[in-house]
*Asks:* 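I'd like to ask you about the structure that follows.
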Protein chains: 2
Amino acid sequence: MAGRAQALYRKVAADLERGISEGAYGSGGKLPAEGVLAEQYGVSRGTVRQAMSVLRANGFVASRRGTRRVVLRTSQSQSFGELLSFTRWARSTGEEPGGRVVRAVQGPASGTESARLRVAEGAEVCRVLRVRTLSGRPVMVERTVYPEAVGALVAELEPDTVSFTVRLEEQGVLFADAQHTIDLVPADATDAELLGCGEGDVLLREQRRSTDPAGAPIEFSEDRYLPGTVAFTANSSAGSGSLARRAGRPSSG
Amino acid sequence: MAGRAQALYRKVAADLERGISEGAYGSGGKLPAEGVLAEQYGVSRGTVRQAMSVLRANGFVASRRGTRRVVLRTSQSQSFGELLSFTRWARSTGEEPGGRVVRAVQGPASGTESARLRVAEGAEVCRVLRVRTLSGRPVMVERTVYPEAVGALVAELEPDTVSFTVRLEEQGVLFADAQHTIDLVPADATDAELLGCGEGDVLLREQRRSTDPAGAPIEFSEDRYLPGTVAFTANSSAGSGSLARRAGRPSSG
DNA sequence: GAGTGGTCTAGACCACCGA
DNA sequence: CGGTGGTCTAGACCACTCC
């Protein structure tokens, strides 16, 4: 009963998510019991529970012993790809994304870089500085470091390539996991010039370390957004929250 | 084999997390196979997999078919309580937390408030404005709205109560899930006065809607931090990411 | 007490990775 | 080709909620 293009439990989860976002159960409404859903979909209770764990992780339902699951929110969820790719995100919001490479250099990894990319200190890495635009308006400055193997692919891309992420995926680079840190940082001279703001103005910073299915780092990126251009959302639960709060500036750049 | 204070899979997960953070497998190292762990802990493979799903959700391991799981990070993870409670968070970082109620009023819920707390429009809600301090230094302004039942408990707390969250939990209010939005917002006159910054200065905003195990909203809070005082971290994966990116100011306050 | 979700087991087959 | 994780099933017992 395995070996399908898409796992059964993912189809069930997707179907339930569709139902929820279409308001089939209402906001705060109750989902059918596991047993009922199992029969409806013709699957075992275990498969229904696997689907439910996806919905729970995405913040759609609350669940506890003794009562049926309750709808927590009805909005659609965003995909992993839209989180990693500025281009995909922009398009999903109806905006026209753009990007321009300001600088791309190769060189030996610093101590910080080698730790973040898990390569030997002094190993060659590829650094790219880009401005990202929405409908021509600069909104974000992106500083990305790639390990040598990925950097070789990046180096072959045209400077005006809109989405590096999409191109890398086409080359077989798979993004599987990412760790993010979100905080504030004052704009430096480069940020100010590229974004058209004042030096020292506060920007929203997202640092991101993406890894492939084998756990090997693909990129480390530091993105700085102008105020009012972006918001991040997350869900957390007592069982296992992915979101956490840290003190001050953990790795000020 | 059920009916324990803590589920077996949670003990296994906690034990593995401890091993990982103590470097027993190294950074980027491989974990033992599921079958091996099942035998070691004397549990079934299903229980080991449940434990692994916790580790995966918390960003500790990457996993794929064909090879053993790989350690992604070795740092300790924060608890759900430390995410929701400013006080617990501050103490976990070695700081001395403080809080002062600036204003606490009751009144009919606005349209926005009623939607956020899932109460009828015009239903009584309790609004609290507080300054939060670290070692006496103001770092955050907190605007929280409680539904009437919770507000009644809050109203009985002393104004200098350090942690409302902890006191509410003592009264039997259980926090089970939360949805968060993180973005930037300019300081208004109140923020500026309470935080000692300029009006219009950019602050980091976290909006949070917490619900109990039944899915009923407990609070809606809007917290505004001074730059350099806080950072949020999150993990996401292709399977089911809890983090997402949204456009502009989704619900500007 | 009936209904429901939480936990655990045992076993099966498959897809994938790497030697 | 053996080892490993991914998926699915069937069944069991328990804790909890609500009537």
Side-chain angles (χ1 to χ4, degrees), chain A residues 1-14 16 25 29-57 60-72 172 174 176-177 212-216 237-240, chain B residues 1-14 16 25 29-56 61-72 172 174 176-177 212-216 237-240:
Chain A
M1 289 296 186
R4 50 190 66 64
Q6 193 181 21
L8 256 184
Y9 76 90
R10 290 192 185 280
K11 292 183 193 169
V12 174
L16 288 170
Y25 313 101
K30 286 189 192 313
L31 257 56
E34 290 177 355
V36 173
L37 289 172
E39 196 169 354
Q40 270 181 21
Y41 287 105
V43 301
S44 74
R45 193 185 153 208
T47 299
V48 170
R49 285 185 60 77
Q50 234 176 323
M52 287 301 185
S53 107
V54 174
L55 293 189
R56 175 109 205 236
F60 282 103
V61 297
S63 85
R64 64 210 245 257
R65 265 196 273 243
T67 64
R68 303 228 290 277
R69 286 181 178 80
V70 166
V71 174
L72 275 183
L174 291 179
D177 298 274
D212 72 10
S237 61
S240 78
Chain B
M1 290 296 188
R4 50 191 66 65
Q6 195 181 20
L8 257 183
Y9 77 90
R10 289 193 185 280
K11 292 182 191 167
V12 174
L16 288 170
Y25 312 101
K30 287 187 191 315
L31 257 56
E34 291 178 354
V36 173
L37 290 171
E39 196 169 354
Q40 270 181 22
Y41 287 105
V43 300
S44 74
R45 192 186 153 208
T47 299
V48 170
R49 285 184 60 77
Q50 233 175 324
M52 286 301 185
S53 107
V54 174
L55 294 189
R56 174 110 206 237
V61 297
S63 87
R64 64 210 249 257
R65 267 195 269 241
T67 65
R68 302 227 290 275
R69 286 181 178 78
V70 166
V71 174
L72 274 183
L174 292 178
D177 298 275
D212 71 9
S237 60
S240 80

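Predicted model, so just to flag it, every value in this text is computed and none were measured.
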*Asks:* I'd like to check the side chain to side chain donor-acceptor pair (under 3.5 Å) partners of A/Ser53; sequence neighbours left out, ordered by chain and number.
*Replies:*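 For A/Ser53 there are no side chain to side chain donor-acceptor pair (under 3.5 Å) partners, ignoring immediate neighbours.
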*Asks:* Would you tell me if any nitrogen or oxygen in the side chain of B/Arg69 comes within less than 4.0 Å of OP1 or OP2 on D/dG3?
*Replies:*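 Negative; the distance criterion is not met.
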*Asks:* Tell me the closest heavy-atom pair linking B/Thr47 and B/Tyr9, and the distance in Å.
*Replies:*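 Answer, listing the atom of B/Thr47 first, then B/Tyr9: O-CB, 3.6 Å.
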*Asks:* When the distance from CG of B/Leu174 to P of D/dA15 is rounded to whole Å, what number comes out?
*Replies:*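 Distance check: B/Leu174 CG to D/dA15 P gives 19 Å.
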*Asks:* Please report, rounded to the nearest Å, how far the P atom of C/dG6 is from the CD atom of B/Gln6.
*Replies:*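 So the two atoms are 16 Å apart, to the nearest Å.
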*Asks:* Would you tell me if any nitrogen or oxygen in the side chain of B/Thr47 comes within less than 4.0 Å of OP1 or OP2 on C/dT7?
*Replies:*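 Answer is no, no contact under 4.0 Å.
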*Asks:* Can you name the closest pair of heavy atoms from A/Ala51 and A/Val12 and give their distance?
*Replies:*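 Where A/Ala51 meets A/Val12 most closely, the heavy atoms are CB-CG1, 3.7 Å.
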*Asks:* Between D/dG6 atom C1' and A/Arg10 atom CZ, what is the distance in whole Å?
*Replies:*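 Taking CZ of A/Arg10 and C1' of D/dG6, I get 10 Å after rounding.
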*Asks:* Using a cut-off of less than 4.0 Å, is there contact between a side-chain N or O of B/Arg49 and OP1 or OP2 of D/dG6?
*Replies:*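 For B/Arg49, the contact criterion (side-chain N or O under 4.0 Å from OP1 or OP2 of D/dG6) is met.
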*Asks:* Return the set of residues passing salt bridge (charged side-chain N to carboxylate O under 4.0 Å, His left out) with A/Arg64 (not counting sequence neighbours), or none when no residue passes.
*Replies:*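 Residues passing salt bridge (charged side-chain N to carboxylate O under 4.0 Å, His left out) with A/Arg64: none at all.
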*Asks:* How many whole angstroms separate atom CD of A/Gln50 from atom P of C/dG5?
*Replies:*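 In whole Å, C/dG5 P lies 17 Å from A/Gln50 CD.
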*Asks:* Of all residues at least two apart in sequence or in a different chain, which pass the salt bridge (charged side-chain N to carboxylate O under 4.0 Å, His left out) check with B/Arg68?
*Replies:*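 In terms of salt bridge (charged side-chain N to carboxylate O under 4.0 Å, His left out), with neighbours along the sequence ignored, B/Arg68 is linked to no residue.
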*Asks:* Taking the side chain as C-beta and beyond, is there a heavy-atom pair between B/Arg56 and B/Ser63 under 4.5 Å?
*Replies:*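 Yes - at least one pair of side-chain heavy atoms lies under 4.5 Å apart.
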*Asks:* How far does the helix from C/dG1-D/dC18 to C/dG18-D/dC1 bend, going by the axes of its first and last five pairs, to the nearest 10°?
*Replies:*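 End-to-end axis angle: 20°.
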*Asks:* Checking all strands, does A/Arg64 fall into the base, sugar-phosphate, or nothing category for heavy-atom contacts under 4.0 angstrom?
*Replies:*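 If one applies the 4.0 Å heavy-atom cut-off, A/Arg64 turns out to touch the sugar-phosphate alone, with no base involved.
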*Asks:* Show the distances under 3.5 angstrom between N or O atoms of the protein and N or O atoms of nucleotides 1-3 of chain C.
*Replies:*
| from | atom 1 | to | atom 2 | distance (Å) |
| --- | --- | --- | --- | --- |
| C/dG3 | N2 | A/Gly66 | O | 3.1 |

*Asks:* Any N/O pairs under 3.5 Å between the protein and nucleotides 10-12 of chain C? List them or say none.
*Replies:*
| from | atom 1 | to | atom 2 | distance (Å) |
| --- | --- | --- | --- | --- |
| C/dA12 | N6 | B/Arg45 | NH1 | 3.2 |

*Asks:* Rounded to the nearest Å, what distance is computed from the CD atom of residue B/Glu34 to the C1' atom of nucleotide C/dC16?
*Replies:*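 It is 14 Å, rounded to the nearest whole Å.
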*Asks:* Give, for atom CE of B/Met52 and atom CG of B/Leu16, the distance between the pair rounded to the nearest 0.5 Å.
*Replies:*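 Between atom CE of B/Met52 and atom CG of B/Leu16 there are 5.0 Å.
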*Asks:* For B/Ala62, what residues pass the side chain to side chain contact (heavy atoms under 4.5 Å, CB included) criterion, not counting sequence neighbours?
*Replies:*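 Side chain to side chain contact (heavy atoms under 4.5 Å, CB included) list for B/Ala62, sorted by chain: A/Asp177, B/Leu72.
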*Asks:* In whole angstrom, give the distance that lies between atom CG of A/Leu8 and atom P of C/dA15.
*Replies:*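 From A/Leu8 CG to C/dA15 P: 14 Å.
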*Asks:* Just how far, in rounded Å, is P of C/dC17 from CG of A/Asp212?
*Replies:*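 Result: 11 Å.
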*Asks:* Compile the donor-acceptor pairs under 3.5 Å between side chains in residues 30-41 of chain A and protein atoms, sequence neighbours left out, one pair per line.
*Replies:*
| from | atom 1 | to | atom 2 | distance (Å) |
| --- | --- | --- | --- | --- |
| A/Glu34 | OE1 | A/Arg45 | NE | 2.5 |
| A/Glu34 | OE1 | A/Arg45 | NH2 | 3.0 |
| A/Glu34 | OE2 | A/Arg49 | NH1 | 2.7 |
| A/Glu34 | OE2 | A/Arg69 | NH1 | 3.2 |
| A/Glu34 | OE2 | A/Arg69 | NH2 | 3.0 |
| A/Tyr41 | OH | A/Asp15 | OD2 | 2.4 |

